[in-house]
Structures are given as structure tokens and as C-alpha cells.
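Some notes on the structure that comes next.
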Amino acid sequence: MKYMIMMFGSAEGMMETADPAWIQEMIGFMIQIDKDLTESGEMVFNAGLADGSTAKLVKQTPDGVITTDGPYAESKESLVGYWVVDVASEERAVEICSSIVKYAQVVELRAVQQAPPQEALPEV
């Protein structure tokens, strides 16, 4: 099964407040987990994201398309990185999340759908 593992936080805030030794430990962990997931064949793809302060929102409004600054969530914490993994079970995906959560207060796990749900498809 494929899952997306999403790590939330504030890169900018972390750099301002976290102990530099902890930051080095976290970076080492991220490099190692990427290597481990690649070697096990569970990694589909992954990416780290620039701080949410660099985000732009593009919205459709009655007056047309507008662009604003900031991440979608109205908070300092936003999506900072993600992995898409292909694992044998949800339990394995939770195990991976459990190792990541030390470096982010919240990790979200969500199954990746292979197609739209059948009930969402219009009858032809």
C-alpha cells in the first residue's frame, strides 16, 4: 500500500529557536531515514519544502484569480516535507511515522488512492 507521510512544522522558527546540536541530529536522521527507505525499496519519492513563509496561494474568486502570500493553513506550522512510501501494511507506515515524530510535533499519515472512489464516478 502507498502512503503519504507529511511532516509539519516551521523551518524558520526551528532555525531561530532549536539547539544547533538538535538541528544537526535531525538532519542526520532525515538523511538516514531517506537512505533506509530507499535501500528497503519502500521509498517512492520524497521532498523537503521551503519554509511556509515562501508559500503563495492561488485562489479562484468571483472577481478572478488572486494570489496571496502564505501557506494555506493560518498558522506558523505548515507542511515542511513529505515521503510517499510503498509498504506492506499500515502498521509499517505508522512505525515509520513514529520515528519521524521526534523531529516534528505532528506527522500525518494518509493512504494514497490509486483512483477516485467508485461512488464518486458519474454513471455513464
Side-chain angles (χ1 to χ4, degrees):
M1 294 186 70
K2 288 185 182 163
Y3 289 91
M4 179 176 241
I5 299 170
M6 294 167 276
M7 182 177 178
F8 293 85
S10 169
E12 184 177 356
M14 177 194 65
M15 295 304 285
E16 293 173 357
T17 61
D19 177 1
W22 182 88
I23 293 172
Q24 286 297 325
E25 176 187 320
M26 186 259 312
I27 292 169
F29 169 80
M30 294 301 167
I31 292 168
Q32 189 62 50
I33 195 169
D34 291 350
K35 180 180 176 186
D36 292 346
L37 292 171
T38 299
E39 287 178 358
S40 71
E42 295 172 311
M43 177 77 78
V44 177
F45 61 91
N46 67 316
L49 303 175
D51 190 70
S53 64
T54 67
K56 300 285 185 208
L57 290 177
V58 180
K59 300 179 192 177
Q60 179 68 52
T61 71
D63 298 324
V65 175
I66 62 168
T67 303
T68 60
D69 289 338
Y72 181 72
E74 294 286 334
S75 71
K76 292 182 180 186
E77 289 79 28
S78 63
L79 183 64
V80 294
Y82 64 91
W83 297 260
V84 174
V85 296
D86 192 351
V87 294
S89 66
E90 183 178 279
E91 290 76 19
R92 172 62 180 139
V94 169
E95 179 183 345
I96 296 166
C97 291
S98 297
S99 67
I100 296 168
V101 79
K102 176 180 179 181
Y103 300 101
Q105 307 311 317
V106 177
V107 175
E108 181 177 334
L109 176 65
R110 195 178 303 184
V112 175
Q113 291 184 350
Q114 301 304 311
Q118 288 300 314
E119 61 272 6
L121 297 175
E123 291 189 30
V124 183

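Atoms considered below: every heavy atom in the structure, side chains included; atoms not considered: hydrogens, waters and symmetry mates. Computed from a prediction, not measured in an experiment: that's the story for all the values here.
Listed by first and then second residue, the ring pair (Phe, Tyr, Trp, His ring centres under 6.0 Å) pairs that reach into residues 25-68 are Phe29-Tyr103, sequence neighbours excluded.
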Validation: residues 61-68 side-chain donor-acceptor distances under 3.5 Å, sequence neighbours left out:
unit_1, atom_1, unit_2, atom_2, d
Thr61, OG1, Asp63, N, 3.2
Thr61, OG1, Gly64, N, 3.3
Thr61, OG1, Gly64, O, 2.6

Counting only pairs under 3.5 Å, give me each side-chain donor-acceptor contact of residues 92-100, with atom names and distances, residues two or more places apart or in other chains.
unit_1, atom_1, unit_2, atom_2, d
Arg92, NE, Glu42, OE1, 3.4
Arg92, NE, Glu42, OE2, 2.9
Arg92, NH1, Glu95, OE2, 3.3
Arg92, NH2, Glu42, OE1, 2.8
Ser98, OG, Val94, O, 2.9
Ser99, OG, Ile96, O, 2.7

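Atom CE of residue Met7 and atom CE of residue Met30 lie 3.0 Å apart, to the nearest 0.5 angstrom. With rounding to the nearest 0.5 angstrom, the CD atom of Gln114 is 9.0 Å from the CE atom of Met1.
Asp34 pairs by the side chain to side chain donor-acceptor pair (under 3.5 Å) definition with Asn46, Trp83, not counting sequence neighbours. With sequence neighbours excluded, the residues that form a side chain to side chain donor-acceptor pair (under 3.5 Å) with Lys102 are Glu25. Legend: residues meeting side-chain contact (heavy atoms from CB on, under 4.5 Å) with Ile27, ordered by chain and number and at least two apart, are Ile23, Ile31. Contacts of Tyr82 classified as ring-ring contact (aromatic ring centres under 6.0 Å, His included), with partners at least two apart in sequence or in another chain: none. With sequence neighbours left out, Lys2 forms a salt bridge (Lys or Arg N to Asp or Glu O under 4.0 Å) with no residue at all.
For the residue pair Val107 and Ala104, the shortest heavy atom distance occurs at CG2-CB, 4.4 Å.
Within the 4.5 Å cutoff, the side chain of Ile5 has heavy atoms near those of the Leu109 side chain. Residues Met6 and Arg110 meet the side-chain proximity criterion, which asks for heavy atoms closer than 4.5 Å.
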